[in-house]
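This report concerns only the one structure given below.
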Amino acid sequence: MFGQKTIRPLSAAALGGIAFINNTLLAIDTVKGHLLQIDPDSDNTKIINTHQVRDFTDVTGLAIWEDTLWVTRGNSVYSCNLTSLGLEHFVTLPYTADGIAVWKSTIYVSCQKQGCILIFERDTRKQITKFYAPGLGVENLAVSEENLWVCDALEQTVYCIDRATGEVQFSVLTPFESPTGIAVHKNIETGKESLYVAYASEEPYIRDNPNADPNHELTYRDRTFIHPLHYHYDPAQHYALSNGYLIEMSYLEEISPLEEVYLTDVEWRIALPSETDRQKVRSVEPVGLDFTEEFIDGQRVAVFKFDYLTPGERHLFGWKAVLEVRGIKYRLNPRDVEDIPEIPPELQARYLVDNDELAMDTNIVVNAAHEAIGTETNLLRKMYNIRNYVYDELSYGIKPHIDTPDIVLERGVGSCGEYVGVLLALSRLNGIPCRTVGRYKCPPYAEYQRIPLQPDFNHVWLEFYIPGFGWLPMESNPDDIGSGGPYPTRFFMGLCWYHIEIGKGITFESLTSKGHRLTKEDVSIGELAINHIRFTILQELEPF
């Protein structure tokens, strides 16, 4: 099971830096100060700094070169012999030293406060140079041959950096949030290298408290573990895939109208999951009632037909799909899109116009579109500026219905669908084709396998089009996590495994009667039926 299972060290509270010595894993428990020796196959855990726990408390970064252990604690970097574990001071930074990696005589130290990765020479203890940190969060490091690996807790991302130049080669999204440590394992027999990432966070759970009435109460507990990070980088397509899961998704409608209706010659259309670079549809089958299938703008749609829907009539109908879904992160630089072709006329006619109540002719939206990009002309930078502008102007809030972008900008609060509406309007006014994507996210509990999971809400995001490259994803609001930025870019041209892509650029669900498409004013689907959504994570996909 080595390289396939999740490693859960016994007694650990919050893991930081990790490193391998052959097939033995060393990890630092930052909270307890325990330097742990872990068997990756059995999770058997041993404290090896039994007499130096106080010295190792608050250590965050950890690296090993030959028989020397390197750690970061507070503003300082220390080293020690693996057998004695007596820390010796190496260097002190102006700010907190977060992560560390060592290759021969070169020492790499990450510092979030400085926004840099600092490089030192071991013998002179002098700083040689520095690289800009690729992300915004606290970063930990590992090194292998020509690559420096950087995991960023806030960005939920691992970056592959050329350790000679500091240039990011590619990046991958981690399957779990809050990655806090990273290590490279080299198979002695094959020479193949693989990555392991440590995670540390808190999770809510329901505690049974016999002294309380009622006895069930919400509380939090530590959640920390180590998981292999699988990836596949495709430089020609400018993306990298990461860990994925086989997921069964069911979407079901239950006819249960708030007010009884009578409809004849009814066709009820529900979009089906899409085939994409990161999502493969293994199978789709009907649930409840059979459906026929049609294609709308290249997207698969299930069509359920009823001769009549009469008062008192009840039905269950929908579909069940088995999907392979992975994380994906595209990597394009502004210089990559300097000389791009013209936008095809058919995309201009469809995705540069107000065809979805985007209020693109109102003063507040027009002015926002100009203000968002300033004098920028590069398409990728314009899209990035528009995203940041919307994040500056809006804060997230759930509403029972979707308002138009002019109202949302005036109010300053929006749901995911309203974020999408504003982003669509500002992008299209700046000549960037955009479309709505999404509909649901699988609850991101990858360890809860073969257990039915229900999402709390539906969800939408968008795709923007770059001529010569195609459609690229961008989340609506999850990266809007602060006030005034800077904002993470984990979901700017990236999606995690739990995003389910359904019906790109088309209406997710629609209803016709006698060939006439019904609007909300005619019959609201939400008032006519109750939807039921269920996900079941079947297993993690095999490595690439």
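Numbering starts at 1 and runs along the sequence shown.
Using the six-membered ring where Trp is involved, Tyr231 and Trp149 have ring planes that are tilted, between 30° and 60° apart. In this pair, Trp461 and His459 present their aromatic rings tilted. The plane angle is within the 30 to 60° band. Ring geometry for Phe225 against Phe176 counts as perpendicular: the plane angle is over 60°, on a 0 to 90° scale with 30° as the lower cut. Between Tyr251 and Tyr440, the ring planes are tilted. Angles from 30° to 60° get that label.
Contact detail for Glu145 and Lys186: the closest heavy-atom pair is OE2-NZ, 4.3 Å. Across Pro9 and Leu36, no two heavy atoms sit closer than the pair CB-CD1, 4.4 Å. Contact between Ile100 and Asn140 at its shortest, heavy atoms only, is N-OD1, 3.7 Å. Closest approach of Thr30 and Val59 over heavy atoms only: OG1-O, 2.9 Å. Tyr391 approaches Glu475 most closely through the heavy-atom pair OH-O, 3.8 Å. Between Ile481 and Pro488, the closest heavy-atom pair is CD1-CG, 3.5 Å.
A salt bridge is absent between Arg331 and Asp336: the closest approach of a Lys/Arg side-chain nitrogen to an acidic carboxylate oxygen does not fall below 4.0 angstrom. Glu155 and Arg490 are not joined by a salt bridge, as no carboxylate oxygen comes within less than 4.0 angstrom of a charged side-chain nitrogen. Between Glu501 and Arg278, at least one side-chain nitrogen of the basic residue sits less than 4.0 Å from a carboxylate oxygen of the acidic one, meeting the salt-bridge criterion.
Judged purely by atom type and a 3.5 angstrom limit, Asp39 uses its side chain to pair as donor or acceptor with the backbone of Asp41. Side chain of Trp497 to backbone of Pro175: a donor-acceptor contact under 3.5 angstrom is found. Judged by distance alone, the side chain of Asn49 and the main-chain N or O of Gly33 form a donor-acceptor pair under 3.5 Å. With hydrogens and angles disregarded, no donor-acceptor distance shorter than 3.5 Å links the side chain of Ser110 to the backbone of Tyr108. In this structure, the side chain of Thr219 does not engage the main chain of Arg207 through any donor-acceptor pair within 3.5 Å. Side-chain N or O atoms of Asp162 include none that pairs as donor or acceptor with a backbone N or O of Glu167 at under 3.5 Å. Side chain of Gln299 to backbone of Ile296: no donor-acceptor contact under 3.5 angstrom is found. Listed for the Ser242 side chain is a donor-acceptor partner under 3.5 Å among the backbone atoms of Leu173. Between the side chain of Asn477 and the backbone N or O of Tyr396 there is no donor-acceptor pair closer than 3.5 Å.
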Before giving the answer on side-chain contact (heavy atoms from CB on, under 4.5 Å), spell out for Ser11 and Lys32 the whole-Å C-alpha distance, their side-chain angles and the decisive distance to 0.1 Å. CA-CA 10 Å; Ser11 85; Lys32 297 181 177 181; 4.1 Å; yes

For the pair Val172 and Leu229, evaluate side-chain contact (heavy atoms from CB on, under 4.5 Å) and give the outcome as yes or no after the intermediate values. CA-CA 9 Å; Val172 296; Leu229 179 65; 3.8 Å; yes

Side chain to side chain donor-acceptor pair (under 3.5 Å) for Thr96 and Gln112? Distances and angles first, verdict last. CA-CA 8 Å; Thr96 302; Gln112 182 195 26; over 6 Å; no

Criterion side-chain contact (heavy atoms from CB on, under 4.5 Å) on Leu246 and Leu541, from CA distance to verdict: CA-CA 6 Å; Leu246 186 66; Leu541 296 176; 4.0 Å; yes

What do the steps show when you test Phe492 against Tyr384 for ring pair (Phe, Tyr, Trp, His ring centres under 6.0 Å), and what is the final call? CA-CA 8 Å; Phe492 184 74; Tyr384 182 69; 5.6 Å; yes

I'd like to know whether Val77 forms a side-chain contact (heavy atoms from CB on, under 4.5 Å) with Phe120, so could you lay out the CA-CA distance, the side-chain angles of the two residues, the decisive distance to 0.1 Å, and finally the verdict. CA-CA 11 Å; Val77 177; Phe120 296 88; 5.9 Å; no

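Using modelled atom types, one finds no donor on one side chain facing an acceptor on the other under 3.5 Å when comparing His499 with Gln279. The closest side-chain donor-acceptor pair between Thr60 and Thr72 falls under 3.5 angstrom.
In this structure, the separation between OG1 on Thr436 and CD1 on Ile506 is 11.5 Å, given to the nearest 0.5 Å. In this structure, CD in Gln156 is found 5.0 Å from CZ in Phe491, a value given to the nearest 0.5 Å. In this structure, CD1 in Ile182 is found 12.5 Å from OH in Tyr196, a value given to the nearest 0.5 Å. In this structure, the separation between CZ on Phe457 and CD1 on Ile533 is 12.0 Å, given to the nearest 0.5 Å. Distance CG/Leu218 to CD1/Ile206: 5.0 Å, rounded to 0.5 Å. Taken from CD1 in Ile226 to OG1 in Thr180, the straight-line distance is 8.5 Å, to the nearest 0.5 Å.
For Tyr205, the OH atom sits in a packed shell: over 12 heavy atoms of surrounding residues, nucleotides or ligands are nearer than 6.0 Å. Atom NZ of Lys280 has more than 12 heavy atoms from other residues, nucleotides or ligands within 6.0 Å. The 12-atom threshold is exceeded at CD of Glu203, counting heavy atoms of other residues, nucleotides or ligands nearer than 6.0 Å. Open room surrounds CZ on Arg335; 12 or fewer heavy atoms of other groups in view lie less than 6.0 Å from it. Open room surrounds CD on Glu177; 12 or fewer heavy atoms of other groups in view lie less than 6.0 Å from it.
In this structure, the side chains of Ile386 and Ile432 come closer than 4.5 Å at one or more pairs of heavy atoms. Counting heavy atoms from C-beta outward, Leu93 and Lys113 have side chains that stay 4.5 Å or more apart. At a threshold of 4.5 Å between non-hydrogen side-chain atoms, the residues Pro473 and Tyr330 count as touching. Under the 4.5 Å side-chain criterion, counting only non-hydrogen atoms from C-beta, Thr157 is not in contact with Lys329. Side-chain contact between Ile466 and Leu332 is present, with heavy atoms from C-beta onward closer than 4.5 Å. Asn23 is listed as a side-chain neighbour of His185, based on a closest heavy-atom distance under 4.5 Å. You'll find the side chain of Met383 stays beyond 4.5 Å of the side chain of Leu472, heavy atoms only. Contact annotation: the side chain of Gln169 never approaches that of Glu146 to less than 4.5 Å [non-hydrogen atoms, C-beta and beyond].
For the pair Arg326 and Phe544, the cation-pi criterion (under 6.0 Å, within 45° of the ring axis) is fulfilled.
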Side-chain polar contacts of residues 441-448 - donor-acceptor pairs under 3.5 angstrom, sequence neighbours left out - could you list them?
unit_1: Glu447; atom_1: OE1; unit_2: Arg223; atom_2: NH2; d: 3.2
unit_1: Glu447; atom_1: OE2; unit_2: Arg223; atom_2: NE; d: 3.3
unit_1: Glu447; atom_1: OE2; unit_2: Arg223; atom_2: NH2; d: 2.7

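For the side chain to side chain contact (heavy atoms under 4.5 Å, CB included) criterion with Leu82, the lone passing option out of Leu35, Ile48, Ile21 is Ile21.
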